[in-house]
Amino acid sequence: MKTKSSYHKSENTYRFLTFSERLANVNIDVIHRIDRTGSYEEDVETYFFEGLTRWRDLNLTEHFTTFSKEVVDKSQSFNLLVFHQKSIVESLKSHLSVRGSFAYQPLLDLVVQLARDLQTDFYPHFQDFFLIITSMLETQDTELLEWAFTCLSYLYKYLWKHMVKDMAHMYMLYSTLLAHKKDHIRSFAAESFAFLMRKVPDLEGLLNCMFQDLADHPEKVEGVGELLFQMCKGVRNMFHSCTRTALPMALRKLGPSGEGSVSLPWEAIGEALDHMAGAAANHIHKEHFLVMWECLQGCVGEVLQMLESEGEDSQASEHMKRLLHIYHTLVEHKGGAIITCPEAVCETLIQLIQAPRLSSSCQQVLLQVTSLLLLGDNVSVPDALVQDMLKKVFRSGSDQDLVLPFAKEMFDMKQFEQLLLPSLLRYLEQMLVSSDPVSRQLALELLTSLILCKAEPPTDGSMAFEKYPLVFTGQLPKSSDPTERKDQVSVPQYVLSLLDRPKEAGVGDLSHLWAALVLLPHIRPLEPGRAIPVVTVLIDRLLDDVESGALGKGGLFVTRQAFSTLLSFKESAEVLSLVQVERVRSIIQKFPTDHSALLLGDLYYTRLALNGCSAHLSHDAMLELYQMLHSNLSSNVSKIRLLTLTDSYPL
C-alpha cells in the first residue's frame with residue numbers, strides 16, 4: 001500500500017512560537033545539569049582555554065574571532081591565565097558591552113569558565129560583570145535571556161562560597177532585578193538566585209535584610225515572594241528539603257514574634273509571603289503540599305499561645321490575620337484542590353473561631369477562609385466536623401456585621417438545610433425577638449435574601465408557589481430584664497406585626513412590608529387563618545393608596561407581592577371574595593405598562609383560569625383587557641411582552 005507523502009502531516013514540524021511560549025521553554029536550572037565539558041583531558045589546564053577552543057569551531061562571527069585573537073595566547077596554561085587575568089577580564093567586558101553582538105553566547109559561557117578557573121581572584125570582578133549582563137535583559141530575544149540568566153546561575157554555583165560571606169551586599173546588588181517591571185525578568189532572577197539562598201548559613205539574618213529592604217522598596221514585594229518560592233521549590237513538583245526550616249522562619253517575621261530587635265514592615269512581608277503561597281499552589285502537587293500546611297499550622301499554634309497570654313492590645317492578632325491571608329490564598333486555589341488534610345485545617349479554624357482577643361478584621365478573614373473551605377468543590381470535610389464548626393461560628397460572639405455576611409455567603413453550600421440552617425435560624429431568632437431595631441432589621445434582610453435565593457416568588461403566573469419552611473422553635477433563653485421579657489414576641493408575631501398596622505399610622509416602611517410579605521408564606525409555625533385576614537386588609541389599603549396616587553410604583557410593587565403572598569396561602573377560587581376583579585382590572589388600566597401591575601394581573605387571571613371561573617374569562621372580558629394592553633406587544637422589554645400575552649390569554 002502506498003504511504004502518504006511526508007508533506008501530509010497533522011501538524012507542521014516547525015511552527016511559530018509566541019514570546020510567552022518561547023519563555024516557557026527557557027531553562028536556566030544549572031544545578032541539575034550534568035557537566036559534559038571535556039575538561040578531564042590531561043593536556044587541558046584551564047576551563048577557559050578549553051571553552052575558547054570549542055567556541056572557535058562553533059562561532060565564526062567577526063565579533064568572536066576578534067575576541068579570540070586577543071586572548072588565545074594569554075590563556076593556554078593556568079599560569080598564563082592568572083598572569084593575564086586583568087587583560088582577559090577587560091576584553092570580556094569590552095566585547096560583552098557591544099550592542100547587537102553575535103558573540104554573546106560564547107562570551108557569557110567564557111565568563112563562567114574564567115570564574116571556574118580563577119575562583120577567589122574572579123570574585124572582585126563579579127559586580128562589573130553582573131551590571132553588564134543585567135543591562136542585556138531589556139530584550140525580546142528569549143535565547144539571550146536564557147544565556148544571560150544561565151551565566152548568572154553558573155556564577156552563583158561556582159562562587160557561592162565567596163558570596164555567602166558577603167550576602168547582604170550580594171542581595172542589594174541582585175535585588176534590583178526583583179523590582180523589574182517585567183514578570184519574566186523577576187521570575188528568572190529569583191530562579192537563578194535561589195541556589196545561593198539555600199547555601200546561606202545565617203538565613204534569619206538574610207531574611208531580616210531582605211524584609212527591611214521592603215520598607216524602602218515596596219515595589220520588590222512580588223519579586224521577594226517569587227524568590228522565597230524558588231528557594232523552597234524542589235524537583236518533580238515537590239518542596240525542597242530546606243522548606244521545613246526556612247518557611248517557619250519567614251512566617252514568624254509576619255509579627256513581633258519573629259523580628260527580635262529588628263523593626264520589619266509586616267504588611268509588605270505578608271504580601272510577599274502571600275505571593276509565595278500563590279506560586280507554590282500553582283506548582284507543587286497536592287500530595288507534596290503537606291509540608292506547607294504543617295508549617296502554617298505550627299506557626300498558627302505559636303501565635304495562638306501568644307493571643308491567650310497577652311493583653312487586648314497585642315500585635316498577635318494582626319500577626320494571625322496575615323497568616324490567615326495565606327490560608328485564604330491556599331484554600332481558595334482551585335476550590336481547595338491543594339488541601340492535603342481538610343480535617344486538620346478544619347480543626348485549626350475551629351480553634352481560631354473560639355480564640356479570645358481576635359480583632360474584628362482578623363475575624364473577618366477567618367470567616368472568609370471558613371466559607372471557602374466549606375464551599376470548595378475539591379475538598380471534603382466530614383459532616384459532623386462541619387456542623388460543629390458552624391455551631392461554633394454562631395456561638396462565637398462575633399459581631400453581627402461579620403456573621404451575617406458569612407451566613408449569606410454559605411447559601412450555596414451543599415447540605416445547607418441539614419448542616420447550617422438550624423443553627424442560622426436559632427441565631428436569627430435571637431436577633432428578631434430582641435428589642436434592638438438594628439438587629440431586627442439585619443435579621444429580616446438576611447432571611448429575605450435566603451428566600452429570594454432558595455424559593456423566589458413567582459415571576460409569572462405559570463410558576464408554582466414554592467415553600468421553604470423556616471422553623472422557629474421559640475426555645476430561647478428568657479431575658480433577665482422583666483420589661484424586655486414582657487415585650488418579647490415570637491418571630492411569626494413580629495413578622496405579622498410589620499403588616500398589621502393601625503389605619504391612622506399608614507402602611508409604614510414599604511421595604512419592611514415587602515420583606516415581611518416575602519417571608520410570611522415560609523414562616524413556621526404560622527396558621528394561614530392568622531395571616532390571610534392581615535394580608536387581605538393590607539392589600540385593600542395598598543390598592544386604595546395606589547389608585548389615589550398616595551403611593552407610586554413602589555407601592556404597586558409591594559401590592560403585587562402582597563397578592564402573591566395571599567395566593568400562596570389560598571389555592572382555591574376564594575381569592576375572588578378577597579380581592580375583587582374590578583380592582584385588579586382598574587390597576588391594569590391605570591398602569592398598563594408597569595411590570596408589577598402586569599404580574600399582578602397575570603397571577604390573578606391565572607388563578608381564575610386554574611379554578612374554572614369562566615364568568616370573568618369570557619371573550620368580551622378578555623377582549624376588553626386586550627384593548628388595554630395590545631400596545632405592549634411591541635414593547636422592547638421581553639418580560640412586558642410575555643406578561644401582556646399571559647394576561648390577555650390566561651391558562
Side-chain angles (χ1 to χ4, degrees), residues 27-28 30-31 33-137 139 141 143-163 165-166 170 173-174 192 195-196:
N27 177 20
I28 63 170
V30 303
I31 308 304
R33 290 186 189 178
I34 299 174
D35 186 358
R36 301 189 183 279
T37 59
S39 43
Y40 303 103
E41 299 177 14
E42 295 181 0
D43 58 335
V44 177
E45 290 193 15
T46 66
Y47 294 111
F48 183 86
F49 187 72
E50 179 193 5
L52 185 65
T53 304
R54 179 166 52 89
W55 282 112
R56 286 173 69 183
D57 294 330
L58 296 177
N59 190 307
L60 302 177
T61 63
E62 182 181 356
H63 293 121
F64 186 70
T65 303
T66 304
F67 168 78
S68 177
K69 289 177 181 179
E70 292 178 11
V71 300
V72 66
D73 295 329
K74 302 174 183 177
S75 58
Q76 292 179 359
S77 69
F78 182 73
N79 290 338
L80 277 174
L81 186 73
V82 172
F83 184 77
H84 294 291
Q85 62 176 285
K86 289 186 179 179
S87 172
I88 294 173
V89 164
E90 291 305 318
S91 291
L92 279 170
K93 289 180 184 177
S94 173
H95 285 273
L96 280 171
S97 300
V98 175
R99 292 298 173 192
S101 171
F102 293 117
Y104 283 141
Q105 185 181 14
L107 290 173
L108 289 169
D109 178 63
L110 290 172
V111 170
V112 173
Q113 306 312 324
L114 184 63
R116 294 178 74 184
D117 286 323
L118 297 179
Q119 293 288 321
T120 305
D121 289 342
F122 181 87
Y123 185 64
H125 305 294
F126 173 79
Q127 181 168 339
D128 294 336
F129 279 111
F130 180 86
L131 295 175
I132 292 172
I133 293 169
T134 53
S135 68
M136 302 177 181
L137 302 180
T139 178
D141 184 349
E143 288 187 333
L144 180 54
L145 287 173
E146 184 170 11
W147 300 334
F149 279 112
T150 299
C151 176
L152 288 176
S153 299
Y154 272 122
L155 291 177
Y156 296 142
K157 177 179 178 179
Y158 295 130
L159 301 175
W160 70 268
K161 290 181 180 179
H162 309 286
M163 292 179 174
K165 298 174 184 177
D166 189 23
M170 281 299 304
L173 176 66
Y174 151 85
S192 62
F195 169 79
L196 205 56

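Keep in mind that the numbers below use all heavy atoms, side chains included, and drop hydrogens, waters and symmetry copies.
Looking at residues two or more places apart in sequence or on another chain, you find no side-chain hydrogen bond (donor to acceptor under 3.5 Å, both in side chains) involving Thr53. For His63, there are no side-chain hydrogen bond (donor to acceptor under 3.5 Å, both in side chains) partners, not counting sequence neighbours. With sequence neighbours excluded, the residues forming a side chain to side chain contact (heavy atoms under 4.5 Å, CB included) with His162 are Gln119, Thr120, Tyr123, Leu159, listed by chain and number. Take Trp55 and apply the side-chain hydrogen bond (donor to acceptor under 3.5 Å, both in side chains) test, not counting sequence neighbours, and it matches Asp109. Applying the side-chain hydrogen bond (donor to acceptor under 3.5 Å, both in side chains) rule to Lys93 yields the partners Asp128; only residues at least two apart in sequence or on another chain are considered. Partners of Ser97 according to the side chain to side chain contact (heavy atoms under 4.5 Å, CB included) rule, which considers only residues two or more places apart in sequence or in another chain, are Ile132. Applying the ring pair (Phe, Tyr, Trp, His ring centres under 6.0 Å) rule to Tyr156 yields the partners Phe193; only residues at least two apart in sequence or on another chain are considered. Residues passing the side chain to side chain contact (heavy atoms under 4.5 Å, CB included) test with Leu60: none are found, sequence neighbours excluded.
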Can you list, pair by pair, the side-chain donor-acceptor contacts under 3.5 Å of residues 98-108, counting residues two or more places apart and other chains?
from	atom 1	to	atom 2	distance (Å)
Ser101	OG	Ala103	N	3.0
Tyr104	OH	Val98	O	2.4
Tyr104	OH	Gly100	N	3.4

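Aromatic ring centres of Phe126 and Phe122 lie farther apart than the 6.0 Å criterion allows. In this structure, Tyr174 has its ring center no closer than 6.0 Å to that of Phe130.
Across all their heavy atoms, Leu81 and Ser75 have their closest contact at CD1-CB, 3.8 Å. Here the closest heavy-atom approach between residue Leu110 and residue Gly51 is recorded as CD2-C, 3.7 Å. Of all heavy-atom pairs between Thr66 and Glu62, the closest is OG1-O, 2.8 Å.
One distance of note links CG of Leu114 with CG of Leu52; it measures 11.0 Å at 0.5 Å rounding. In this structure, CE in Met163 is found 6.0 Å from CG in Leu155, a value given to the nearest 0.5 Å. Here the straight-line distance linking atom CH2 of Trp160 with atom NZ of Lys165 works out to 9.5 Å at 0.5 Å rounding. Taking NZ of Lys86 as the reference point, atom CD1 of Ile88 lies at 13.0 Å (rounded to 0.5 Å). A distance of 10.5 Å separates CG in Asp141 from CD in Glu146, rounded to the nearest 0.5 Å. In this structure, Cys151 SG and Trp147 CH2 are separated by 12.5 Å, a value rounded to the nearest 0.5 Å.
Annotation: ring-ring contact (aromatic ring centres under 6.0 Å, His included) contacts involving residues 70-100, sequence neighbours excluded, comprise Phe67-His95. Applying the salt bridge (charged side-chain N to carboxylate O under 4.0 Å, His left out) test to residues at least two apart or on different chains, none of the pairs has a partner in residues 67-83.
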Apply the test side chain to side chain contact (heavy atoms under 4.5 Å, CB included) to residues Phe149 and Leu137: give CA-CA distance (whole Å), side-chain angles for both, the deciding distance (0.1 Å), then the verdict.
CA-CA 9 Å; Phe149 279 112; Leu137 302 180; 3.7 Å; yes

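Asn59 and Thr61 form a side-chain donor-acceptor contact under 3.5 Å, judged by distance and modelled atom types alone.
With contacts defined as side-chain heavy-atom distances shorter than 4.5 Å, the pair Leu92/Val71 does not qualify. Between Gln76 and Thr46 the shortest side-chain heavy-atom distance does not fall below 4.5 Å.
With hydrogens and angles disregarded, a donor-acceptor distance shorter than 3.5 Å links the side chain of Asp117 to the backbone of Phe48. Within the 3.5 Å criterion, the main-chain N or O of Ser87 finds a donor-acceptor partner in the side chain of Ser91.
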